[in-house]
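Below is one structure, written out as structure tokens; comments come after it.
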Amino acid sequence: MENADIAKIFSDIADILEIREENPFRIRAYRNGALTLENLSERLAKIVERDPKQLRELPGIGEDLAAKIVEAVTTGKISFYEKLLTQIPRTLLDLMRIQGIGPRKARLFYKKLKVESIEDLEEAAKAGKLQNLPGMGKKSERKILQAIADFRGRDSKRFSLFRVLPHVEALVDYLKNGFKGIEVTPSGSVRRRKETIGDIDILVAGGNASKIMGHFVQYREVKNVLAKGETKSSIVLNNGLQVDVRVIGKGSHGSALHYFTGSKEHNVAIRDRAKRMGLKISEYGVFREKTGKRVGGKTEAEVFKAVGLSWIPPEMRENRGEIELAEKGELPKLIELSDMQGDLHMHTQASDGSHSIEEMALAAKKAGRKYVAITDHSKAVTVAHGLDEKQMLQHMKEIDKVNEKIDGIEVLKGVEVDILKEGLLDLEDAVLEKMDVVVGSIHSHFGMEEKAMTKRILQAIETGFVDIVGHPTGRLLGERSAYAVDMEKLMDAARSNHVALELNAYPNRLDLSDIYCKMARDKGVWLVISTDSHSTAQLENMIYGIYTARRGWLEKEHVLNTRPCAEFKKILHR
DNA sequence: GCCGTTTTCGGCCCGACTGTTTTCAGTCG
């Protein structure tokens, strides 16, 4: 069992215990445990193998959960969970994924109507059986039917950040244009620059709250209004994206911004800390618990300062150790877009790109880069018109020509060479030898099992020709999951062979993920951030790589292409 | 079930909105 599987079981256990109305703190303990496992970069199996006692060092993992993890890793199941499932059907848990249905309602429907699944629930609602239950009515019944329809229509629940940001911008403009002197700030996972977004949260400071609410729900792209209150409203856009807006007084801007930026886990940890210090934090400010005296909240910095911390960048607020660092004053200085000097992965018309070498180079210069590597596909990637040895040599001459012709940016000769099924590279050594930059990537046989896939990539690394492993897990957000690879082994091999791993900034890749970036940072593995552009416009996607890098705690020094070209080349030619 | 600068026991984040109530439970973030 892998980390995510065990996390899912802990979360299921929490749901079941909730339906059974057990001790809410015990339930939270399982939830917290699940979150810890989700955010963990190291494989639990590895930790157990090394020393099961180390599980106890993980936040929220005590004697009990540690034992369950050991059981899961060694036997492939958790007997406590199996036992629970004999009492409550697994499909009942799906009910709680319907908006407006929590554990109480799920339990009510199950007990009174024998509803065990979403299908059962739909049937009961259509038959008018729900409205007569205690606490229910006609309106609730209608809402549930609507929520079931929404749930089904909403394809794959989360939206990629790059699809969401344009909507955020439009909404912020819309709100700002309606009123004078209000501050409109995107918060939530958008502000944390998470790779996928569940809904948009927008904070408005100042202004007439009820007027702002009235204006907001009339936004031109509203499909339906979920809730409209005095200070808080939620709408669903035509594309299925939910937007929450909250209005707050200007004096509480900082505490509200902190609160609505989250993450939830970070907030819980901060509030817990405040509590231990005799303080109470809400969206309205920081207060002394005893006297109720307000001690801050106008700015975010005030909130952090009140609990003895320096200001934590939003991208780090996931309760992955950032609070401990802030306490010691040791927060990293996160990488910024302006640090990026090179872009080492892009395609031209020679393979599957839309522009010429020169056009790409000039656009990259405009985007602020000082050097680029042109890395077209090799011949195995036929769908992308990959180049064979002869074509590649010709292409390299073209690159040389452009390099001589233009100023202000250095153009390196590169290739994105396919890592074949057996771990061999798709071009002859004699050609690879002449390259400045070799990116090795997987484009086929994604379904290989983990051992074989890991061996395949390790073998490619060990040829000595690969400088960078491109999009190392092959995932496409919302489309294709990562292929199975032992990331520990891959990173260890990369480090000992002086090979860098790519953080591919293509917005639906972001591969490596934030968690793997942090793992690379911890392990001292070199990284590069590249756009994998197929057109000049895509060179601007570097910013998405920066977002993910910042979420992975990366600093300038961890990323090779923040260095000047000469220094970068020197490192490559170790 | 977890955890400890008040505690190995007794706490555990906090508030808005809705629909059903006739003062509040459930859900959500």
Side-chain angles (χ1 to χ4, degrees), chain A residues 10 13-14 17-19 21-36 55-69 80 95-109 130-144 147 187-189 197-203 209-210 213 217 225-235 242-248 252 255-256 258-287 289-290 307-308 319 327:
Chain A
F10 282 178
I13 290 176
L17 296 179
E18 209 169 14
I19 291 173
E21 296 186 285
E22 304 233 2
N23 177 356
F25 301 109
R26 188 179 173 212
I27 294 164
R28 187 183 298 169
Y30 276 99
R31 291 253 148 81
N32 289 339
L35 282 168
T36 295
L55 291 171
R56 299 286 301 274
E57 289 163 22
L58 300 171
I61 304 295
E63 195 182 346
D64 223 86
L65 296 191
K68 290 187 169 74
I69 292 171
F80 176 61
L95 252 54
M96 300 193 338
R97 295 174 61 199
I98 304 291
Q99 190 150 39
I101 296 184
R104 293 303 179 90
K105 294 242 170 85
R107 177 188 159 90
L108 178 74
F109 301 150
L130 300 184
Q131 51 179 285
N132 299 321
L133 296 172
M136 294 286 296
K138 278 206 167 85
K139 202 161 181 182
S140 315
E141 191 172 75
R142 262 205 312 279
K143 275 203 150 181
I144 282 176
S187 53
S189 49
I197 304 294
D199 52 41
I200 298 175
D201 292 292
I202 295 177
L203 180 69
S210 73
M213 293 289 86
V217 299
V225 178
L226 291 177
K228 177 174 177 280
E230 273 296 298
T231 62
K232 188 181 159 189
S233 299
S234 300
I235 62 172
Q242 183 175 326
V243 187
D244 299 336
V245 169
R246 175 73 184 264
V247 184
I248 198 133
S252 298
S255 45
H258 177 257
Y259 177 63
F260 290 110
T261 296
S263 66
K264 200 171 168 185
E265 297 76 44
H266 168 91
N267 283 359
V268 168
I270 291 283
R271 285 178 182 209
D272 186 48
R273 179 184 175 87
K275 188 142 191 124
R276 288 202 306 272
M277 299 170 75
L279 297 168
K280 191 182 75 129
I281 297 182
S282 76
E283 56 263 53
Y284 297 108
V286 185
F287 304 88
E289 197 141 45
K290 280 196 179 138
V307 288
N319 199 25
E327 182 171 38

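We name chains A, B, ... by the order of the sequence lines, and we start the count at 1 in each one.
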Would you check if the side chain of A:R273 reaches a backbone N or O of A:V307 as a donor-acceptor pair within less than 3.5 Å? yes

Where do N or O atoms of nucleotides 3-5 of chain B meet protein N or O atoms at under 3.5 Å, pair by pair?
residue : atom : partner : partner atom : Å
B:dC3   : OP1  : A:G60   : N            : 2.8

Can you check salt bridge (charged side-chain N to carboxylate O under 4.0 Å, His left out) on A:R276 and A:E289, steps first, answer last? CA-CA 10 Å; A:R276 288 202 306 272; A:E289 197 141 45; over 6 Å; no

A:D244 has its side chain closest, among B:dG29, B:dC17, B:dT27, to B:dG29

Protein and nucleotides 14-16 of chain B: nitrogen or oxygen contacts under 3.5 angstrom:
residue : atom : partner : partner atom : Å
B:dC14  : O4'  : A:R271  : NH1          : 2.6
B:dG15  : OP1  : A:K280  : NZ           : 3.2
B:dA16  : OP1  : A:Y284  : OH           : 2.6

Can you see if the side chain of A:K139 gets near the phosphate of B:dG19 - specifically, an N or O under 4.0 Å from OP1 or OP2? yes

Using the P atom in both, what is the distance from B:dG4 to B:dT8, to the nearest Å? 13 Å

So if I take every side-chain heavy atom of A:S140 and compare against B:dG1, B:dG29, B:dT20, which nucleotide ends up nearest? B:dT20

Work out how far the C1' atom of B:dT6 is from that of B:dG11, and round it to whole angstrom. 12 Å

I'd like to know if the side chain of A:T36 and the backbone of A:P59 have a donor-acceptor N/O pair within less than 3.5 Å. yes

Between B:dC12 and B:dC17 - P atom distance, rounded Å: 25 Å

Taking atom C1' in both B:dG10 and B:dA16, compute the distance separating them and give it to the nearest angstrom. 29 Å

Between C1' of B:dT18 and CE of A:M136, the distance in whole Å: 12 Å

Residue mapping more 5' on DNA chain B - nearest nucleotide basis, A:G135 or A:N267: A:N267

Just the rounded figure in Å: distance from C1' of B:dA25 to CZ of A:R107. 15 Å

5' precedence on DNA chain B between A:K228 and A:A106 (nearest-nucleotide basis): A:K228

Of the options B:dC2, B:dT18, B:dG29, whose atoms approach the side-chain atoms of A:A29 most closely? B:dC2

Is it true that the side chains of A:E265 and A:N267 contain a donor and an acceptor less than 3.5 Å apart? no

If you check every side-chain atom of A:D64, which of B:dG26, B:dC2, B:dG19 has the closest atom? B:dC2

If you look at every strand shown and take non-hydrogen atoms under 4.0 Å, does A:P103 touch a base, only sugar-phosphate, or nothing? sugar-phosphate

Select base, sugar-phosphate, or nothing to describe what A:I270 touches, counting heavy atoms under 4.0 Å on all strands. nothing

For B:dT20 versus B:dC14, give the span between their C1' atoms, rounded off to a whole number of Å. 23 Å

For the side chain of A:K105, starting at C-beta, report the closest nucleotide among B:dT20, B:dC2, B:dG26. B:dG26

So what does A:R104 hit on the nucleic acid, given a heavy-atom distance under 4.0 Å: a base, only sugar-phosphate, or nothing? sugar-phosphate

Heavy-atom closest pair, residues A:I101 and A:A106: CG2-N, 4.0 Å

Please report the distance, rounded to the nearest Å, between CD in A:E265 and P in B:dC2. 18 Å

Cation-pi check, A:K68 to A:F80: give yes when NZ or CZ is under 6.0 Å from the six-membered ring centre and within 45° of the ring axis, no otherwise. yes

Suppose we define a pair by two distances each less than 3.5 Å, Watson-Crick or G-U wobble; what does B:dT18 pair with here? B:dA25

Just wondering, are more than 12 heavy atoms of other shown residues or ligands nearer than 6.0 Å to CD in A:Q131? yes

Assess whether side chain to side chain donor-acceptor pair (under 3.5 Å) is satisfied between A:S234 and A:D244, documenting all intermediate values. CA-CA 4 Å; A:S234 300; A:D244 299 336; 2.7 Å; yes

Rounding to a whole Å, what distance do you find between A:L130:CG and B:dG19:P? 15 Å

Please state how far atom CG in A:D201 lies from atom P in B:dC28, giving the value in whole angstrom units. 15 Å

Please give, in whole Å, the distance from B:dC9 C1' to A:F25 CZ? 14 Å

Round to a whole Å and report the spacing from CD1 of A:I101 to C1' of B:dA25. 16 Å

Main chain of A:H266, side chain of A:S263: is a donor-acceptor contact present, judged purely on distance under 3.5 Å? yes

Say we look at B:dA25 and B:dT21: how far apart would their P atoms be, to the nearest angstrom? 13 Å

So, are A:E18 and A:R107 salt-bridged, with charged N and O less than 4.0 Å apart? no

C1' gap between B:dG19 and B:dT23, integer Å: 14 Å

Atom C1', compared across B:dG29 and B:dT22: separation rounded to whole Å: 28 Å

Can you see which heavy atom on A:S255 is nearest to which on A:S282, and at what distance? CB-O, 3.6 Å

Mind checking A:I98 for me? I need base, sugar-phosphate or nothing, with any heavy atom below 4.0 Å counting as a touch. sugar-phosphate

Between A:P134 and A:L108, the two heavy atoms sitting closest are O-CD2, 3.9 Å

Under 3.5 Å donor-acceptor pair, A:N32 side-chain atoms to B:dG1 base atoms: no

What is the separation between atom CG on A:N23 and atom P on B:dG11, rounded to the nearest whole Å? 13 Å

